[in-house]
Amino acid sequence: MSEIGYPTSDLRPPTSDRHPLYTMSDTFAGLQEGCYLYSRHWNPSNKYLADAVAAMEGTEAAWVTASGMGAITSAILQLVSTGDHIVCSITTYGGTFAFLNNYLKKFRIEVTFVDITDLEAVKNAIRPNTKIIYTETMTNPLLQISDIPALAKIANDHDLKLMVDNTFTPMIVSPAMQGAHIVVHSMTKFINGKNDCVAGAICGTQEFIDALCDVNSGTAMLLGPALDPLRSSSILKNLHTLHIRMKQHSKNAKYLAEKFREAGIKIIYPGFEDNKGYPVLKKMMNEEFGFGGMIAIDMGTSEIASRLMEKMEGEGVGYLAVSLGYFKTLFSNSGKSTSSEVPEEIQKEMGLSEGLIRFSVGLDNDIEQTWTRIKSCLEKL
Ligand SMILES: *Cc1c(COP(=O)(O)O)cnc(C)c1O
């Protein structure tokens, strides 16, 4: 521990807002709140955004990262060591799947992939060396809903951490309020909402966030996926409109889901009462934000899916693109794009049809007109 006193080189008089009683050594020891040691560790812009995201998710603290993958990998690596084990939803973002299934082999960390809606399967997959249950609130791309309170109970009973990727459902579900220990986000998607940056966030207890940022042993501090502070301030501005955007995404997705169903197209939408996830989402959700902006339709084959997507792009429905949460509607053929890291046999096992088109429904003011355009594309197939 360092001595407490005024730095001898600093002759300015002490004032209450200058924390004059701390030294550089105290700052390194993390003792001086409100003083920023170095920008990769913390900086004021990142702190403003992190505090806002933590407030949104109802966690004590958060840390913002340069990408969603930066958040996911840092949070996971903070909790596991060689020889440990993770239980993960089989329907998970392709990059996360690749990290867990391929990359963690380097550290001899094993992962069991399960149907996360089958709670018995989750329990049965737990081993003495399991450290994390990992899932997404709404899984990509099949839009299954994770029962977070039930998974949190399993995690607590076995002294594990439940980590939840809430990228598809910010504001709609608050996983930490439902029992999740750690919440991760790709802010590249809905939170920023403009597809002009890449960013992520890790939300959790103050203790966990402090551990991630520890100068000697913190994964975030040492691997260094810090978000650029200029980006933080631009994302913070966009965060202030997220509640309005989520309502509009949800309203438009519901409209299109109903129209697709009326047109006899096979559709996955968790807002339909006969969807398996509906009652689970209903019990967890913050109702006023709706069921989210994501829908998926099944066109049977990837050829028909491609034809439809090209026509829709031509008609101005939106863009054939893999991201989501944008103000324009985006659509992609999941099996050949965002889930292409998932081997074909596993795609089959998880029920991913090759003709599945995932839509991230945009903020269109006139969604009736959008449907008219989609309908004319369907008729011309
Ligand atoms: C995009 C995405 C990620 C990865 O985020 P990046 O910002 O691209 O690194 C993780 N999880 C989900 C659900 C995503 O959609």
Side-chain angles (χ1 to χ4, degrees), residues 53-63 71-93 96 99-100 104 109-139 144-185 201-214 217-220 270 276-277 279-286:
V53 175
M56 176 178 83
E57 287 296 356
T59 57
E60 284 174 8
W63 201 73
I72 293 163
T73 55
S74 298
I76 290 175
L77 289 173
Q78 188 66 26
L79 293 172
V80 289
S81 305
T82 299
D84 284 342
H85 175 250
I86 297 169
V87 176
C88 180
S89 166
I90 193 165
T91 54
T92 229
Y93 177 71
T96 309
F99 175 70
L100 293 171
L104 284 186
I109 293 162
E110 289 190 307
V111 185
T112 304
F113 293 95
V114 297
D115 173 356
I116 204 74
T117 63
D118 180 349
L119 298 173
E120 281 308 307
V122 174
K123 274 187 218 161
N124 291 337
I126 293 171
R127 303 178 190 170
N129 57 340
T130 306
K131 291 285 155 54
I132 303 171
I133 299 175
Y134 186 96
T135 191
E136 296 167 0
T137 309
M138 184 182 282
T139 71
Q144 285 177 323
I145 306 297
S146 296
D147 188 337
I148 296 168
L151 292 168
K153 181 167 186 323
I154 298 173
N156 290 333
D157 287 348
H158 293 83
D159 203 17
L160 315 175
K161 297 288 184 230
L162 173 63
M163 192 179 299
V164 177
D165 180 334
N166 200 31
T167 299
F168 280 27
T169 45
M171 314 234 48
I172 295 169
V173 176
S174 313
M177 313 296 270
Q178 302 292 328
H181 303 103
I182 295 148
V183 181
V184 287
H185 270 288
I202 306 167
C203 309
T205 60
Q206 189 67 54
E207 189 187 356
F208 183 66
I209 300 302
D210 287 348
L212 272 169
C213 305
D214 187 281
S217 59
T219 310
K276 193 178 164 208
V280 186
L281 184 52
K282 192 87 179 156
K283 83 172 173 188
M284 298 191 296
M285 72 193 287
N286 303 313

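Only this structure's heavy atoms are used, side chains among them; waters, hydrogens and symmetry mates stay out.
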Neighbour count >12 (heavy atoms, 6.0 Å) for atom CG, Asp157: yes

Measuring only between side-chain heavy atoms, which start at C-beta, is Leu119 closer than 4.5 Å to Leu151? yes

Please enumerate all residues that pass salt bridge (Lys or Arg N to Asp or Glu O under 4.0 Å) together with Glu120, with sequence neighbours excluded. Lys123

Can you list the steps and then say if Ile90 with Ile116 is a side chain to side chain contact (heavy atoms under 4.5 Å, CB included)? CA-CA 7 Å; Ile90 193 165; Ile116 204 74; over 6 Å; no

From CZ (Phe99) to CG (Leu77), nearest 0.5 Å: 4.0 Å

Which atom of Cys203 lies closest to which atom of Val53, heavy atoms considered: SG-CG1, 3.6 Å

Kindly list each side-chain donor-acceptor pair under 3.5 angstrom involving residues 173-182, sequence neighbours excluded, with atom names and distances?
unit_1	atom_1	unit_2	atom_2	d
Ser174	OG	Asn286	ND2	3.1
Gln178	NE2	Met284	O	3.3
His181	ND1	Leu162	N	2.8
His181	NE2	Asn156	OD1	2.9

CD1/Ile76 to CD1/Ile132 distance, rounded to the nearest 0.5 angstrom? 5.5 Å

Could I get the full list of side-chain hydrogen bond (donor to acceptor under 3.5 Å, both in side chains) partners for Thr169, not counting sequence neighbours? Asn166

Would you say that more than 12 heavy atoms from the other residues, nucleotides or ligands in this model lie under 6.0 Å from the NZ of Lys153, or not? no

Checking Val164 against Ser146 for the side chain to side chain contact (heavy atoms under 4.5 Å, CB included) test, could you report, in this order, the C-alpha distance in whole Å, the side-chain angles of both residues, the deciding distance, and whether it holds? CA-CA 9 Å; Val164 177; Ser146 296; over 6 Å; no

From CD1 (Ile86) to CE (Met163), nearest 0.5 Å: 7.5 Å

Partners passing salt bridge (Lys or Arg N to Asp or Glu O under 4.0 Å) against Lys276 (at least two apart in sequence or in another chain): none

After noting the C-alpha distance and the side-chain angles of Glu60 and Ile209, does the key distance pass the side chain to side chain contact (heavy atoms under 4.5 Å, CB included) rule? CA-CA 9 Å; Glu60 284 174 8; Ile209 300 302; over 6 Å; no

Sequence neighbours excluded, every pair satisfying ring pair (Phe, Tyr, Trp, His ring centres under 6.0 Å) that has a member inside residues 112-133: Phe97-Phe113

Any donor-acceptor pair under 3.5 Å from Thr130 side chain to Arg127 backbone: yes

Rounded to the nearest 0.5 Å, how far does CE of Met138 lie from OG1 of Thr91? 11.5 Å

Can you tell me how far the CD1 atom of Ile109 sits from the NE2 atom of His85, to the nearest 0.5 Å? 11.5 Å

For the residue pair Val184 and Ala75, what are the closest heavy atoms and their distance? CG1-CB, 4.2 Å

My understanding is that only residues two or more places apart in sequence, or in another chain, count here; which of them pass side chain to side chain contact (heavy atoms under 4.5 Å, CB included) with Gln78? Phe208, Ala211, Leu212, Thr219

Heavy atoms only: give me the nearest Ala220-Ser74 pair and the separation to one decimal. CA-OG, 4.3 Å

Does any part of the side chain of Tyr134, heavy atoms only, come nearer than 4.5 Å to the side chain of Val111, both counted from C-beta? no

For the NZ atom of Lys131 and the CG atom of Asp84, what is their distance to the nearest 0.5 Å? 3.5 Å

Main-chain N/O of Thr167 paired to Glu136 side chain as donor or acceptor, under 3.5 Å: no

Minimal non-hydrogen separation, Pro270 against Leu281, with atom names: CB-CD2, 4.0 Å

Specify the closest pair of heavy atoms between Leu100 and Cys88, including all atoms of both residues, with the distance to one decimal. CD1-SG, 3.4 Å

Quick check: does any side chain N or O of Asn129 sit under 3.5 Å from a backbone N or O of Gly83, one acting as donor and the other as acceptor? yes

